[in-house]
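Report on one structure; see the data block that follows.
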Amino acid sequence: MGYGDYQCMDENGIREDGRKADEMRPVEIECGVVPVADGSAYIKWGKNEAIAAVYGPMECHPRKVQRQDRAILDVRYNMAPFSTTDRIRPGFNRRSREISKVTRDALESVVDLELYPRSKVRVEIEIICAEAGTRCCGITAASVALADAGIPMSDMVVSVAAGKCNGIVLMDLNKPEDNYGEADLPMGILPMTDELVFLQMDGDLSMDEFKIAWDYNIKAAHDVHKIMIEALQKRYGGDV
Amino acid sequence: MGYGDYQCMDENGIREDGRKADEMRPVEIECGVVPVADGSAYIKWGKNEAIAAVYGPMECHPRKVQRQDRAILDVRYNMAPFSTTDRIRPGFNRRSREISKVTRDALESVVDLELYPRSKVRVEIEIICAEAGTRCCGITAASVALADAGIPMSDMVVSVAAGKCNGIVLMDLNKPEDNYGEADLPMGILPMTDELVFLQMDGDLSMDEFKIAWDYNIKAAHDVHKIMIEALQKRYGGDV
Amino acid sequence: MGYGDYQCMDENGIREDGRKADEMRPVEIECGVVPVADGSAYIKWGKNEAIAAVYGPMECHPRKVQRQDRAILDVRYNMAPFSTTDRIRPGFNRRSREISKVTRDALESVVDLELYPRSKVRVEIEIICAEAGTRCCGITAASVALADAGIPMSDMVVSVAAGKCNGIVLMDLNKPEDNYGEADLPMGILPMTDELVFLQMDGDLSMDEFKIAWDYNIKAAHDVHKIMIEALQKRYGGDV
Amino acid sequence: MAIPIIPSLLRDNLEALAADDQRLDGRSRFAGRELEIEVGCLANAEGSCRVRMGDTIVFAGVKFQIMTPYPDRPTQGGLMTSAEIRPVCGPNWEPGPPSEASIEMGRVVDRGIRESGCIDTSGLCILPGEKAWQVILDLFAISDDGNMFDAFALAAIAALRTATVPAERFDVGEDYKLPVAGTPIMCSYQKVGGRFVFDATKREELGGDERIHITLGNEGHVHSLQKGLRGVFTADEFNEIMDAAQSRCAELRDIVHNLEESQ
Amino acid sequence: MAIPIIPSLLRDNLEALAADDQRLDGRSRFAGRELEIEVGCLANAEGSCRVRMGDTIVFAGVKFQIMTPYPDRPTQGGLMTSAEIRPVCGPNWEPGPPSEASIEMGRVVDRGIRESGCIDTSGLCILPGEKAWQVILDLFAISDDGNMFDAFALAAIAALRTATVPAERFDVGEDYKLPVAGTPIMCSYQKVGGRFVFDATKREELGGDERIHITLGNEGHVHSLQKGLRGVFTADEFNEIMDAAQSRCAELRDIVHNLEESQ
Amino acid sequence: MAIPIIPSLLRDNLEALAADDQRLDGRSRFAGRELEIEVGCLANAEGSCRVRMGDTIVFAGVKFQIMTPYPDRPTQGGLMTSAEIRPVCGPNWEPGPPSEASIEMGRVVDRGIRESGCIDTSGLCILPGEKAWQVILDLFAISDDGNMFDAFALAAIAALRTATVPAERFDVGEDYKLPVAGTPIMCSYQKVGGRFVFDATKREELGGDERIHITLGNEGHVHSLQKGLRGVFTADEFNEIMDAAQSRCAELRDIVHNLEESQ
């Protein structure tokens with residue numbers, strides 16, 4: 001099958017994996033999966049699997065990156081070598097570095113960093129199985145892990161992505177939709193206010209398509225948020 | 001055309017680009033080309049183009065390289081990836097590291113480093129278009145940039161190179177003369193005393209040829225020095 | 001000659017280089033071969049040649065690796081690029097890093113580190129000609145160099161290796177025996193007590209073969225220890 | 001006006017200015033700095049452009065190499081973007097391996113161009129399965145007074161649109177103009193004193209919050225977005241800068257096209 | 001019981017416990033922690049295993065690549081083991097180039113498998129002199145509460161013994177089960193409070209001395225040994241843990257074999 | 001005589017000695033230290049030399065590899081020089097990536113040999129366009145008591161001139177002596193106490209200023225020059241050391257040639 005021959009939707013508006021256009025893949029979240037961490041979360045999102053662990057607040061090394069007035073987040077996004085069909089060689093990787101940075105930018109927007117001057121909080125995101133949309137998985141899992149670690153936040157970041165395939169705007173592209181698709185719009189949303197802390201996009205979207213994709217994301221974020229809350233409630237009981 | 005088939009001079013003693021044996025390529029210098037730097041200079045020398053910027057004196061990091069009794073110069077010579085016919089891959093490069101070192105050795109010989117203990121002055125040299133003789137361009141531009149930054153110096157270093165092609169000693173080799181030539185003698189000269197702070201040579205020169213090349217360099221240095229002075233006067237007016 | 005066709009022993013129980021099963025290659029040791037070091041030793045062991053140099057105790061940099069209660073050993077094992085038939089490219093090398101680590105672990109077990117809090121002792125091991133068994137050469141030479149540097153030790157480490165070839169347990173494999181052999185058991189022995197500070201093994205040994213190889217090593221360690229003592233006596237005279 | 005160098009004072013200052021809808025250099029919120037743009041300025045590059053926006057100066061250079069196509073795409077060449085921000089361009093840029101900031105810059109500029117589809121990598125094939133052109137776009141900063149993203153993006157597309165494929169030098173035919181099927185333009189907005197402004201200076205960056213980069217194509221389609229740095233924003237804020245970007249990108253696209261015609 | 005975090009106090013504590021033949025978590029000297037082992041758990045790996053020993057959790061993943069055999073061994077494929085200990089697994093693991101500790105871990109696990117001969121690299125040939133399989137074993141830690149060596153070694157052999165060679169994906173025939181001719185098992189002992197204990201926790205490691213790693217094959221032959229860290233030991237001490245390893249390795253080998261049968 | 005270790009005191013001391021035309025070890029200005037030179041000393045190298053000058057000890061080793069010639073020079077092999085100054089050779093040499101000092105050393109020694117033309121890379125061709133010899137010259141220091149440049153350069157040319165091309169091992173004919181068409185020799189002078197001296201010790205280096213390296217060929221032609229470190233010098237100073245170098249290089253060249261004959 002060449003590029004462009006993929007049909008993402010049948011005549012009834014149903015996608016290959018049974019979803020409607022605005023529907024998410026199934027999402028499961030579990031807290032406390034890294035026993036030695038201060039907070040952690042496991043997320044299964046379609047076939048994606050990610051683990052996030054949080055350590056700290058701790059003393060900030062090296063001194064050079066220390067901030068006098070606040071903590072910093074030291075965020076690392078990484079794909080395990082066996083997480084993809086073709087093995088990923090460990091080591092420096094520009095894509096991972098960029099995703100680590102935008103993830104940090106997103107999370108630093110909600111964590112109450114001023115509480116911990118001169119400290120750092122380490123956030124480690126490991127993708128152990130990758131389908132499509134791993135950066136959203138990572139940000140979402142990291143939010144839950146931060147909450148699990150008891151780090152004060154103004155809200156949890158929920159990250160979801162709508163996209164486009166065969167000219168149709170679709171929520172949460174799976175792997176073939178991503179491979180043959182034409183656009184991807186990942187967002188990081190604060191469910192209490194619908195504000196954003198993360199935004200990327202690549203591909204081709206008209207302004208109309210863009211607005212549909214945006215709205216899909218806002219709606220989906222609220223669905224995922226419920227699953228995040230349930231995972232934390234399951235661990236701690238009661239209100240979160 | 002194979003090696004050795006190149007004829008650098010016609011029967012009238014005129015080189016391919018119209019110069020005589022002891023003549024320099026045209027040199028233009030302009031100060032202040034990097035607005036955010038403390039001092040800067042642009043040099044066009046034949047088809048060579050280089051930019052030098054100076055930052056500092058500033059605190060010296062890392063502490064390990066700090067000197068209690070004087071400032072250090074932190075000099076970097078670099079060729080932009082698009083500066084040559086075959087693209088240069090960014091990153092570690094032994095040639096650039098050596099040129100950075102000998103340039104620093106030359107400039108440290110004239111800068112009054114004892115005025116700024118425990119500090120550093122950053123000197124950044126970027127070759128954006130390379131013909132032949134880029135290290136001389138870099139040293140000369142850096143001298144002007146240091147003067148532009150108001151860093152006290154005992155004299156400005158003027159760097160020029162004589163060479164040999166077809167057994168003839170020639171001033172300031174251009175690219176084909178350099179490619180097919182037999183020797184190159186770059187020197188860094190203090191025009192007030194004709195003393196040296198920089199000297200390299202490679203190839204093959206008899207002692208007689210060596211003396212001719214040396215004398216060519218001393219003379220040329222005085223010519224280039226005038227252009228350096230004019231560039232500074234143009235920026236600051238009056239005496240420099 | 002393919003793998004497995006090698007015959008390590010003739011009908012009289014004599015190996016290709018004239019040794020019996022439990023016999024070592026000739027070992028020569030000389031102290032003080034690196035004049036600028038605080039202690040040093042050269043070892044020739046069969047065709048292996050190694051040099052060990054010791055510097056310190058000195059201040060420990062970087063601070064991060066400093067220990068408040070004791071000195072650390074900073075041990076580097078390295079093979080010179082020309083030490084083997086196929087040149088070894090300088091730079092990072094996992095095998096050398098592991099051997100450096102186990103050598104440090106062995107030597108730190110005997111050096112009286114508590115005498116020098118916050119310091120380090122540098123131990124540099126360079127293999128300049130490699131046959132087989134270079135890690136044993138390195139550890140043994142380093143012990144002598146530490147003694148030469150006057151660093152207090154509870155005992156000197158003697159490192160030797162028995163192995164197996166053609167199903168026969170042999171002391172101190174030479175190159176063809178190592179190439180075609182089936183096992184190697186390097187040990188680091190304290191000759192005063194027959195205790196161990198270093199142990200590695202790879203290949204295939206039954207428990208019976210293992211016990212023979214162990215006993216060969218203990219015996220050989222005492223022989224090598226005499227040569228170590230003689231080298232130190234030759235340098236310092238009298239008792240060591 | 002003296003600029004406070006203590007970040008918290010700078011932030012206060014910027015907030016006070018914002019309250020009066022002012023900026024440090026007197027510009028209005030969505031006004032850009034004075035722009036100079038020159039193509040063909042690097043003699044050894046196959047395409048080049050120098051952009052000056054106020055005191056920010058950058059180069060983009062295009063070079064070509066011959067590559068072996070990947071086995072699963074035998075007729076496709078490649079596009080590679082490299083942003084090595086050398087310490088020449090400002091006191092805060094340090095030597096060493098590529099920083100996070102330079103990696104982000106290179107990747108965001110690259111995505112805007114790549115995702116617009118303006119470079120058809122299938123058109124770069126020389127001999128299927130054996131030889132194809134790799135287009136290498138080098139972003140090179142000379143002076144960083146803020147908003148290098150837009151300066152790089154503008155220099156990049158102008159350098160590409162005026163580049164010549166050096167087929168003769170590689171002995172694979174005659175030189176020809178690199179086909180470029182569109183003119184994606186990036187506009188970047190930084191939150192300063194609580195509201196987004198266009199084309200921030202270094203001082204506005206130092207005392208500001210998050211930035212948003214928008215790349216739009218010829219038809220006004222979105223090709224790339226990126227939010228960078230710490231900060232929260234609303235849909236309304238985003239819509240406002242998206243509107244501003246639509247008109248500014250069109251203006252800049254005209255400037256690039258005029259430049260080409262005058263060449 | 002509160003655990004002292006000052007290393008010297010921890011050491012005193014561990015010595016006092018050892019004097020009564022006790023351990024921090026109540027285990028006897030040669031008892032292991034609770035063990036969970038699951039194979040086939042990583043959807044994109046061709047072989048995988050997750051091992052949990054107490055609060056230590058690791059994965060091993062097997063991937064395959066096609067390599068060109070070395071000229072002097074035209075019919076042989078390869079086995080490569082990589083242990084990249086990512087900082088996710090504990091507060092003391094740092095990012096950056098591979099540490100000494102992770103290099104040692106990868107090499108010791110690799111040697112146990114390689115030297116047992118359980119992977120016949122000649123069997124990995126696809127086309128002599130041209131194509132052979134390279135088996136890549138990636139060790140990946142999620143949570144380090146001590147004794148990652150044994151966890152990795154167990155996950156590694158279980159992942160290999162349940163791996164499928166993805167010949168169809170590479171268009172070189174039908175998928176088949178990777179042949180593995182043995183089940184080498186590693187048991188590690190750490191000196192804590194003056195005597196060797198099995199399966200040390202992180203705290204026992206922090207307050208302990210040297211460790212010894214023993215890898216034994218199906219017939220009880222020794223395939224790999226490694227002594228790590230500062231410390232002196234006697235032949236008697238070694239013989240005691242070698243005896244313990246002989247029985248424990250046999251038990252763990254049965255667990256791996258049962259797991260395969262139940263698959 | 002006790003040597004002051006404070007650099008400024010050391011400098012004063014060296015200046016006082018210079019005023020009396022003395023040196024720390026009693027040598028005259030242009031006298032070298034005791035020299036030992038031995039070739040063929042490294043069993044696994046195809047050419048080798050050990051040089052001892054006072055307490056400075058270095059090795060040079062020559063190895064050969066087969067390379068594919070560059071397309072534009074199908075009949076040429078290559079020469080590569082590598083100077084990895086390992087920390088074994090002195091307390092101030094640190095491990096890690098190549099330092100500036102070692103890069104300069106390797107390049108200056110390399111240029112002296114390369115630019116003299118003594119290695120004819122066209123003569124290294126095995127099969128035009130396909131195979132040629134790459135000569136690799138490894139400089140390796142054991143003990144640094146100053147002036148490693150001259151020690152390396154001497155060891156390098158002696159190792160090359162006594163090297164054997166290992167054609168049999170690579171199955172491309174019979175072994176033969178590497179042809180070397182000259183004997184370039186380097187002499188280095190350091191400014192100590194205000195005047196240049198030959199063959200400076202480490203202490204003279206520590207308390208001295210700039211150094212000048214001169215490589216001369218068989219006919220007394222100049223093949224390479226390098227001025228290193230901070231310092232100013234005059235034409236007269238240079239001419240004086242150039243004269244000294246002319247006679248000293250000739251002496252050292254005779255030593256190398258005698259060594260070859262006695263082999």
Side-chain angles (χ1 to χ4, degrees), chain C residues 32-42 44 46-59 61-62 74-93 96-97 100 120-131 134 138 141-142 145 149 175, chain F residues 33 41-50 52-66 80-98 102 106 134-146 148 155 159 163 166 169-170 201-203:
Chain C
V33 296
V34 181
V36 302
D38 295 312
S40 61
Y42 162 83
K44 188 163 163 57
K47 285 179 197 148
N48 288 308
E49 295 185 72
I51 286 168
V54 169
Y55 293 93
M58 57 177 71
E59 213 187 324
H61 290 296
D74 183 17
V75 176
R76 259 172 300 280
Y77 161 99
N78 181 62
M79 296 180 79
F82 43 63
S83 64
T84 47
T85 306
D86 292 327
R87 178 177 181 259
I88 297 174
R89 227 177 130 148
F92 179 81
N93 178 313
S96 291
R97 284 288 290 276
S100 298
K120 88 173 158 192
V121 175
R122 272 178 41 198
V123 179
E124 308 287 347
I125 298 167
E126 295 291 339
I127 308 299
I128 58 175
C129 190
E131 197 192 357
T134 60
K175 190 134 184 232
Chain F
R33 289 173 287 181
C41 47
L42 294 166
N44 284 333
E46 274 85 41
S48 60
C49 179
R50 175 182 178 276
R52 177 171 184 136
M53 287 167 18
D55 281 348
T56 290
I57 304 172
V58 307
F59 283 97
V62 177
K63 296 291 295 177
F64 290 82
Q65 287 178 352
I66 288 185
M80 187 182 102
T81 303
S82 163
E84 204 208 354
I85 314 295
R86 306 253 340 145
V88 68
C89 76
N92 300 317
W93 289 97
E94 298 194 347
S102 70
Q134 182 176 39
V135 186
I136 306 177
L137 176 61
D138 279 297
L139 308 178
F140 198 85
I142 294 296
S143 181
D144 174 17
D145 192 34
M148 293 219 289
R169 179 154 62 86
F170 286 92
T201 62
K202 193 80 191 169
R203 275 185 175 138

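Source: prediction; values computed, not measured. Reckoned from all heavy atoms, side chains included, excluding hydrogens, waters and symmetry mates. First the proteins, then the strands, lettered A, B, ... as listed; each starts at 1.
C/Glu126 and F/Phe140 make their closest contact through OE1-CZ, 3.0 Å (heavy atoms, listed as atom of the first residue, atom of the second, distance). The shortest non-hydrogen separation linking F/Val88 to C/Tyr55 is O-OH, 2.7 Å. The two residues C/Arg76 and F/Pro87 make their nearest non-hydrogen contact at NE-CG, 3.5 Å. The two residues F/Glu84 and C/Gly91 have their closest heavy-atom pair at OE2-N, 4.3 Å. Contact detail for C/Val36 and F/Asp145: the closest heavy-atom pair is CG1-CB, 4.0 Å.
Contacts between F/Ser82 and chain C at a heavy-atom distance below 4.5 Å involve the side chain alone, from C-beta outward. For F/Arg52, the part lying under 4.5 angstrom from a heavy atom of chain C is the side chain only. For F/Glu94, no part lies near chain C; criterion is any non-hydrogen pair under 4.5 Å. Within the 4.5 angstrom heavy-atom criterion, atoms from both the backbone and the side chain of F/Ile142 approach chain C. With a threshold of 4.5 angstrom between heavy atoms, C/Val54 does not approach chain F through any atom at all. Only the backbone of C/Thr84 comes within less than 4.5 Å of a heavy atom of chain F; no side-chain atom from C-beta onward does. For C/Phe82, the parts lying under 4.5 angstrom from a heavy atom of chain F are both the backbone and the side chain. For chain F, the nearby part of C/Glu49 is the side chain; its heavy atoms alone come within less than 4.5 Å. Residue C/Arg87 touches chain F through both its backbone and its side chain, counting heavy-atom pairs closer than 4.5 Å. Neither the backbone nor the side chain of C/Ala37 comes within contact range of chain F; no heavy atoms are under 4.5 Å apart.
Looking only at heavy-atom pairs under 4.5 Å with chain C, the residue among F/Gly61, F/Pro166, F/Gly54, F/Gly96 that has the most is F/Gly61. Between chain C and the options F/Ala43, F/Ala45, F/Gly90, F/Ser48, heavy-atom pairs under 4.5 Å are most frequent for F/Gly90. Residue with the most contacts toward chain C among F/Ile136, F/Asp144, F/Ile57, F/Val62: F/Ile136 (heavy-atom pairs, distance under 4.5 Å).
Remark: side-chain polar atoms of F/Lys63 are not paired, donor with acceptor, to backbone N or O of C/Ser83 under 3.5 angstrom. Within the 3.5 Å criterion, the main-chain N or O of C/Ala130 finds a donor-acceptor partner in the side chain of F/Asn44.
Going from atom CD1 of C/Ile51 over to atom OG of F/Ser143 covers 9.5 Å, rounded to the nearest 0.5 Å.
The closest side-chain heavy-atom distance from C/Asp86 to F/Arg169 is below 4.5 Å.
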From CA spacing to verdict: side-chain contact (heavy atoms from CB on, under 4.5 Å), C/Asn78, F/Arg86
CA-CA 9 Å; C/Asn78 181 62; F/Arg86 306 253 340 145; 3.1 Å; yes

